[in-house]
Amino acid sequence: QVQLVESGGGLVQAGGSLRLSCAASGLTFSRSAMGWFRQAPAKEREFVAAIRWNDGSTSYADSVKGRFTISRDNAKNTVYLEMNSLKPEDTAVYYCAAQMRGITTMYEWEYDYWGQGTQVTVSS
């Protein structure tokens, strides 16, 4: 059974930083890719970043390039999203997702498993 458990969300001032974690279990990691998505109130869920587990290749949404970094720790089966220079428009529920074809896709329908989400609030 695949489980994705996010943590690390919270309230931060604009310009601050947060690191989100996604602890994964039940996956064949060598064949998977992990993604972070977010959903702001009254908006559709959108892609943030993705990483392929076996080689660490990454992709990012233009809105977060240069500010956010996705990484993984193979020993801990955990994916991280380091968020710097946060803006109020980054406020959203952040979701971790897993996809079993190893593709760092931005399309949420390509992902097979989802976490429960963690709230990030950036105050101005």
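Just so you know, these numbers come straight off a predicted model, no measurement behind them.
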Please find the pair of heavy atoms, one from V122 and one from T91, that lie closest to each other, and give the distance. N-OG1, 2.9 Å
Roughly how far, to the nearest 0.5 Å, is CD of E46 from CD of Q39? 9.5 Å
Quick one: do S57 and R52 satisfy side chain to side chain donor-acceptor pair (under 3.5 Å)? Show the steps, please. CA-CA 5 Å; S57 60; R52 187 157 53 204; 3.2 Å; yes
Restricting to non-hydrogen atoms, name the atom on I103 and the atom on Y111 that form the minimum distance, rounded to 0.1 Å. O-OH, 4.3 Å
In chain order, what residues pass the side chain to side chain contact (heavy atoms under 4.5 Å, CB included) check against A92, with sequence neighbours excluded? R38, A40, Y94
So, for Y60 and I70, which heavy atoms are closest and what is the spacing to 0.1 Å? OH-N, 2.9 Å
Would you call R31 and R101 a side-chain contact if the rule is heavy atoms closer than 4.5 Å? no
Face-on cation placement of R45 at Y95 ring, 6.0 Å and 45° thresholds: yes
Contact summary for S124 and A14, nearest pair of heavy atoms: CA-CB, 4.3 Å
Can you measure from CD (Q99) to CH2 (W109) and round to the nearest 0.5 angstrom? 12.5 Å
What distance do E44 atom CD and F37 atom CZ have between them, rounded to the nearest 0.5 Å? 12.5 Å
Is W53 close to N74 at the side-chain level, that is, under 4.5 Å between some pair of heavy atoms? yes
Non-hydrogen atoms of L20 and G9 that approach each other most closely: CD2-N, 3.6 Å
Any salt bridge between K87 and D90, counting N to O under 4.0 Å? no
Residue pair Y113 / Q3, side-chain heavy-atom distance below 4.5 Å: no
Are W36 and F47 near enough that their ring centres are under 6.0 Å apart? no
Among the clusters formed by ILVMFWY side chains lying less than 4.5 Å apart, do V93 and Y80 turn up in the same one? no
Rounded to the nearest 0.5 angstrom, the CD-CD distance for Q119 and E6 is 12.0 Å
Residues N84 and S17: side-chain donor-acceptor under 3.5 angstrom: yes
hydrophobic_cluster_shared for V2 and M34, side chain cutoff 4.5 Å: yes
Value rounded to 0.5 Å, distance of OG1 in T105 from CD in E110: 4.5 Å
Hydrogens and angles aside, do S85 and R67 bring a side-chain donor and acceptor to less than 3.5 Å of each other? no
State the CD1-OG1 distance between I51 and T69, to the nearest 0.5 angstrom. 10.0 Å
Test item: L27 and M100 side chains (from C-beta on) under 4.5 Å apart, heavy atoms: yes
Closest heavy-atom pair, A33 versus T104, reported as atoms and distance to 0.1 Å, is CB-N, 4.3 Å
